[in-house]
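To start, the structure itself, in structure tokens.
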Protein chains: 2
Amino acid sequence: MTVLETVSGTVLESDLVPAGVCLQLESQRNRRPRGRDRYTISEVAEYTGLTAHTLRWYERIGLMPHVDRSHTGRRCYTDRDLDWLDLVARLRLTGMPVADMVRYAGLVRQGEETVAERERLLSAHRETVRRRIAELNATLEVLDYKIERYADTRRRASGRD
Amino acid sequence: MTVLETVSGTVLESDLVPAGVCLQLESQRNRRPRGRDRYTISEVAEYTGLTAHTLRWYERIGLMPHVDRSHTGRRCYTDRDLDWLDLVARLRLTGMPVADMVRYAGLVRQGEETVAERERLLSAHRETVRRRIAELNATLEVLDYKIERYADTRRRASGRD
DNA sequence: TACGGAGTTGGAGTGCGCTCGAAGCAAGCG
DNA sequence: CGCTTGCTTCGAGCGCACTCCAACTCCGTA
């Protein structure tokens with residue numbers, strides 16, 4: 001019916017994260033606090049870029065697969081937890097709703113028999129991401145056109161003066 | 001500092017719009033309610049996919065360049081308004097915050113002397129979109145890898161049974 | 001002239017994803 | 001011993017982009 005329906009609906013950029021903006025797929029492991037396999041919440045916060053608050057919240061809503069505790073009740077994250085958070089961050093980055101990630105986490109918790117459904121879920125999401133990329137590319141063209149027109153206007157204006 | 005900082009921060013998919021999902025850049029003009037250059041709010045809602053509520057809200061916050069009224073005070077949208085809404089929808093689609101769009105609308109209202117700044121604003125946004133696309137592509141790889149691994153697991157499982 | 005339907009306003013409410021504050025405990029240090 | 005620092009919990013609050021409600025007006029048709 002309408003022209004501007006999209007795969008993504010509204011897209012928010014809530015917090016434009018600080019400065020050192022770059023997604024380096026490979027550098028993960030290096031940057032992981034020297035492989036002790038036991039990390040405090042603040043170390044994990046530092047590593048993932050999430051706040052400690054958010055990490056606790058992820059746990060509360062069932063987005064973390066159950067984090068170990070020290071004898072005094074403090075969280076002890078493992079390398080596996082960091083791996084999981086990497087995946088979560090990526091899904092989040094590509095716009096998967098938290099509810100879906102929670103669902104996915106639940107499937108993981110249930111074990112092997114959910115492998116097919118997990119695959120289905122990720123495949124569906126991949127499709128969404130692909131459509132989103134196509135959408136963005138289409139809009140880039142419009143942006144290019146607009147910018148080019150502004151550039152023309154500017155050139156004409158300065159030519160006249 | 002952290003690995004997962006990104007250009008986009010969190011991305012929400014608020015409402016996955018109904019069914020006929022497809023962005024057809026070219027079909028705009030055809031689908032525009034026969035060129036009368038005077039449209040009611042509900043016609044515009046139908047055309048843009050926004051609700052009448054949202055259209056009024058856009059006006060209130062200064063995202064619409066001033067819409068004509070009929071003698072009884074009803075909004076009369078013109079083709080120019082629809083053009084503007086097309087652009088707004090595209091910017092929204094690519095994640096530009098409403099506040100920035102309002103700022104852009106303000107520049108347009110101020111006239112010719114803001115052309116340079118408008119160009120700057122759109123260029124900056126284009127850069128953001130480009131980075132976002134790169135980000136999504138990078139994540140697609142991770143997704144591919146994950147899905148492939150799930151597929152393997154499934155194949156091995158069915159092979160054993 | 002009565003009535004349904006579509007428009008108008010201002011302001012309140014919703015959903016999502018965090019984000020924060022208060023109050024309390026435990027460990028380490030001078 | 002007191003003090004700081006960093007963690008704990010629970011629940012409330014926030015920012016964004018809508019989304020909706022109540023009360024009203026206006027228009028067209030029966």
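Below, chain A is the first sequence line, B the second, and so on; all start at residue 1.
Phosphate proximity of C:dT9 to B:Arg75: present, with a side-chain N or O under 4.0 Å from OP1 or OP2. When the side-chain nitrogen and oxygen atoms of B:Ser42 are compared with OP1 and OP2 of C:dG7, one or more of them lie within a distance under 4.0 Å. An OP1 or OP2 oxygen of C:dA6 is reached within less than 4.0 angstrom by no side-chain nitrogen or oxygen of B:Thr40. A close approach under 4.0 Å does not occur between any side-chain nitrogen or oxygen of B:Tyr58 and OP1 or OP2 of D:dA17.
Rounded to a whole Å, the CG atom of B:Asp68 is 17 Å from the P atom of C:dG7. Between the CD atom of A:Glu59 and the C1' atom of D:dC7 there is a distance of 13 Å, given to the nearest Å. If you measure from atom CG of B:Leu55 to atom C1' of D:dT19, you get 13 Å, rounded to the nearest angstrom. One atom, CD of A:Glu43, and another, C1' of D:dC7, lie 13 Å apart when rounded to the nearest Å. One atom, CH2 of A:Trp57, and another, P of D:dG13, lie 18 Å apart when rounded to the nearest Å. Remark: C1' of C:dG17 and CZ of A:Arg92 are 9 Å apart, rounded to the nearest angstrom. Taking atom CG of B:Asp100 as the reference point, atom C1' of D:dA17 lies 14 Å away to the nearest angstrom. Nucleotide C:dG11 holds its P atom 16 Å from the CD1 atom of B:Ile61, rounded to whole Å.
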Side chains of residues 49-65 of chain B: which donor-acceptor partners sit under 3.5 Å, not counting sequence neighbours?
unit_1: B:Thr51; atom_1: OG1; unit_2: B:His53; atom_2: N; d: 3.4
unit_1: B:Thr51; atom_1: OG1; unit_2: B:Thr54; atom_2: N; d: 3.0
unit_1: B:Thr51; atom_1: OG1; unit_2: B:Thr54; atom_2: OG1; d: 2.9
unit_1: B:Glu59; atom_1: OE1; unit_2: B:Arg75; atom_2: NE; d: 2.6
unit_1: B:Glu59; atom_1: OE2; unit_2: B:Arg69; atom_2: NH2; d: 3.4

Can you give me every donor-acceptor pair (side chain of residues 100-113 of chain B, partner residue at least two apart or in another chain, under 3.5 Å) with its distance?
unit_1: B:Arg103; atom_1: NH2; unit_2: B:Glu117; atom_2: OE2; d: 2.2
unit_1: B:Tyr104; atom_1: OH; unit_2: A:Tyr150; atom_2: OH; d: 2.6

task: Determine, stepwise, if the pair A:Tyr47 / A:Asp86 fulfils side chain to side chain contact (heavy atoms under 4.5 Å, CB included).
output: CA-CA 10 Å; A:Tyr47 169 66; A:Asp86 279 344; 3.3 Å; yes

field: Verdict with supporting geometry, A:Leu122 and A:Leu91, side chain to side chain contact (heavy atoms under 4.5 Å, CB included)
entry: CA-CA 9 Å; A:Leu122 289 191; A:Leu91 295 179; 4.3 Å; yes

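With distances taken from any side-chain atom of B:Arg60 to the nucleotides C:dT19, C:dG10, D:dT9, the minimum falls on C:dG10. Here D:dT8 is the nucleotide among C:dG17, D:dT8, D:dT19 with the atom lying nearest to any side-chain atom of A:Ile41.
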- prompt: Which parts of nucleotides 21-29 of chain C does protein reach within less than 4.0 Å, heavy atoms only, written one letter per nucleotide 5' to 3' as B for base, S for sugar-phosphate only and - for none?
  reply: B----BS--

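Applying the side chain to side chain donor-acceptor pair (under 3.5 Å) rule to A:Arg154 yields the partners B:Glu119; only residues at least two apart in sequence or on another chain are considered. Listed by chain and residue number, B:Asp37, B:Asp68, B:Arg80, B:Asp81 satisfy the side chain to side chain contact (heavy atoms under 4.5 Å, CB included) test with B:Thr78 (two or more places apart in sequence, or in another chain). By the side chain to side chain donor-acceptor pair (under 3.5 Å) test, A:Asp152 is found to be paired with A:Arg155, residues two or more places apart in sequence or in another chain being considered.
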